[in-house]
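Quick one: the structure is below, and I'll ask about it shortly.
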Amino acid sequence: MRLLKTQGSDSSEWQPQLVDFRGEEYAILSHRWLANATDEVLFADIEIIDDGGKDPAIGHRPLRFILNGVYGRQPPQTKSGFHKLRGAAQQALTDGYDFIWIDTCCIDKSSSAELSEAINSMWTWYSKSTICYAYLQDVPGGPDGVVTEHDLKFAQSQWWTRGWTLQELLVPLDVIFFTETWDPIGEKKSLSDAIVSITGIGMDVLTHARRLESVSIARRMSWASKRRTTRIEDLAYALMGIFSVNMPLLYGEGERAFLQLRQEIMKDSDDESIFAWVEPSANPSSYSGLLAQHPSAFARSSDIIYYIDFEDREPYVMSDRGLSITLHLSPAQDGTVAAALHCPVPQTGDGFLAVYLKRFGKDSQHYARVKCARLGSLDQRGALETIYVRQSHPTHELDTILPYHFFNLRHLHTGTTPSEKFFLENAKSNLLERLPYSALASLPIHPTSHARKWVCSGFEPVFRVLRGTSKLSAVLLFAGTETGVNSCRVLIMLGSISSTQIGYDARKFDTGDIPTDLRLQDFEPGFKPRPAGLDTWIELENHHVKVEIEPQVDSSNQLFITDITISKIFRITPLQALGEAVADRLEPFVPICLPTNTPAQSTSKTYDFILLSSDPTERRGLT
């Protein structure tokens, strides 16, 4: 560690000088680098490295002059960053400090070893400083040369948005803020209310009344969610001290640095709030790992805390199979599972936060996180299970490892009365004979094949998916059991939206329009598939049609377990609506009450919600 001497900085002929740190008290500077880093006074621009100053340990410092021999040195006074450097030195000298540490000139960034040591030591260096000067170069002084915390320019300073300044705000107890002209704005203690409003950091943390280690990982990450750094990797490196970890620096690895940071955190902490993040713009069906890609995913996690560890759990293990983690899993209605975290639901303070996972295959231990735009909550947790979750899930992953894709028909849901009930009258799919013999020999049959009694004779309920843009794989013609003028047919078409997404389409046929032969080539030009799912319906004249898909893996086959629902739309005439309205006026409302001797049944419910932001303008309500 090197320090900049402040003696003589009040002179117009001052020459910056560096000395090795030998236990002296020192001030430290927090600032933003200029847009062009070469405009700063750098280590290479300092000529005298050691001037033989006094060593407190032995009473003297050996006289040693070392000329910085780096070619291309510029006189420090000619650089635009000299005003900041000299202003900091002068302020330290005025406050009685002979030395100050400034990262622009006190680190030889041409040495990767020295740079790595400095970044890993930054937290310690700021914590051991006697005082910290926060220089807000984009905040000009007011009419009297001073601004206050109520000035909008103070709150809008870019200093609050930089990644490195977060730890520089947290670590020193004494921080003084200055304007561009080195006029004091105030101390961290006196400005604490404004700082809490700007940063979302608690007053107890700012004033060191609370240990940083006691704050949840999610909450600490939320402080960095809106901060940026010039180098992608620095956003992770700037958080090492906040999470008490050290790791080697590898510039060029990009966002993997943030993944490395979280892996280091997990080696020393079982705080599961590290998984409590959301991506509001995420596709509900896209796959993700349990770890967020960027601190911005924690922007709405400022209220998340974690339960004290009250039960033994297996430690996290990162391997070639992904993250091995033991979680309580509860099945959800849409084929996903809700994994309970050791975190209470924000605002209420009870229950358990949960993330949604999707299993790869019926008996697989591999899962991916889905529905990343929200978290869930559980009143009661499910069974404990050890699973694997890979961090990255390319959209083409299943296409590259599974050679054959199949639709696998399972359930047909219709009404029970003649006007509501349908049966499969005719069907046509692509030719299975196109498959290799080995695939035909191991044609997958779903265990619930007994549910396929509705499939018409001669039609194989497992058929090949033709992948591509608007590719049609099969047409299914359903007939209603009602006869006469009200009888109709519903045609459902199954196929691909793209090479990786399944879709369906539907249309209605009147009795006189029934096609004599089902040929795929006749229907493919009009095939307009839409995604299959719980919330996707096609509304025909008198019926709703829905197709739900449950992906599963069987050996080398990708199966799309298919359930079909055809429901009648009941419409009432204006006269019927009027009659019901009159009846409501005539019949008093009678509340339904449980008998006093009937015990209420306790049920476990799953809720979806989006985290509440600390910013009232960004809050989202519970649903």
- Query: Counting heavy atoms not belonging to E25, are there more than 12 under 6.0 Å from its CD?
  - Reply: no
- Query: Should we count CG of N36 as having more than 12 external heavy atoms under 6.0 Å?
  - Reply: yes
- Y26 and its ring pair (Phe, Tyr, Trp, His ring centres under 6.0 Å) partner, picked from Y133, W125, F99, F21: F21
- Under 6.0 Å from the CZ atom of R256, do we count more than 12 heavy atoms belonging to anything else shown? no
- Task: Only one of W159, F177, F178 passes ring pair (Phe, Tyr, Trp, His ring centres under 6.0 Å) with F154; say which it is.
- Result: F177
- NZ/NE/NH1/NH2 to OD/OE distance under 4.0 Å, R162 and E168: no
- Item | The single option from T165, D103, T104 passing side-chain hydrogen bond (donor to acceptor under 3.5 Å, both in side chains) against H31 | D103
- Message: Suppose we screen for side-chain contact (heavy atoms from CB on, under 4.5 Å). Which residues come up paired with H328, at least two apart in sequence or across chains?
- Response: E311, A340, R381, L384
- Message: What's the separation between atom OG1 in T6 and atom CD1 in I100, rounded to the nearest 0.5 Å?
- Response: 8.0 Å
- Task: Nearest 0.5 Å please: distance from the CD1 atom of I265 over to the CG atom of D271.
- Result: 9.5 Å
- Item | Close aromatic pair by centroid cut-off 6.0 Å: F298 and W223 | no
- Interatomic distance, M1 atom CE to I107 atom CD1 [nearest 0.5 angstrom]: 9.0 Å
- Message: Could you check whether atom CD of E253 has more than 12 heavy atoms from other residues, nucleotides or ligands sitting under 6.0 Å from it?
- Response: yes
- Message: Measuring centre to centre across the rings, with the benzene-like ring taken for any Trp, is F243 within less than 6.0 Å of W123?
- Response: no
- Query: Should the heavy atoms of other residues, nucleotides or ligands under 6.0 Å from CD of E213 be counted, would the total exceed 12?
  - Reply: yes
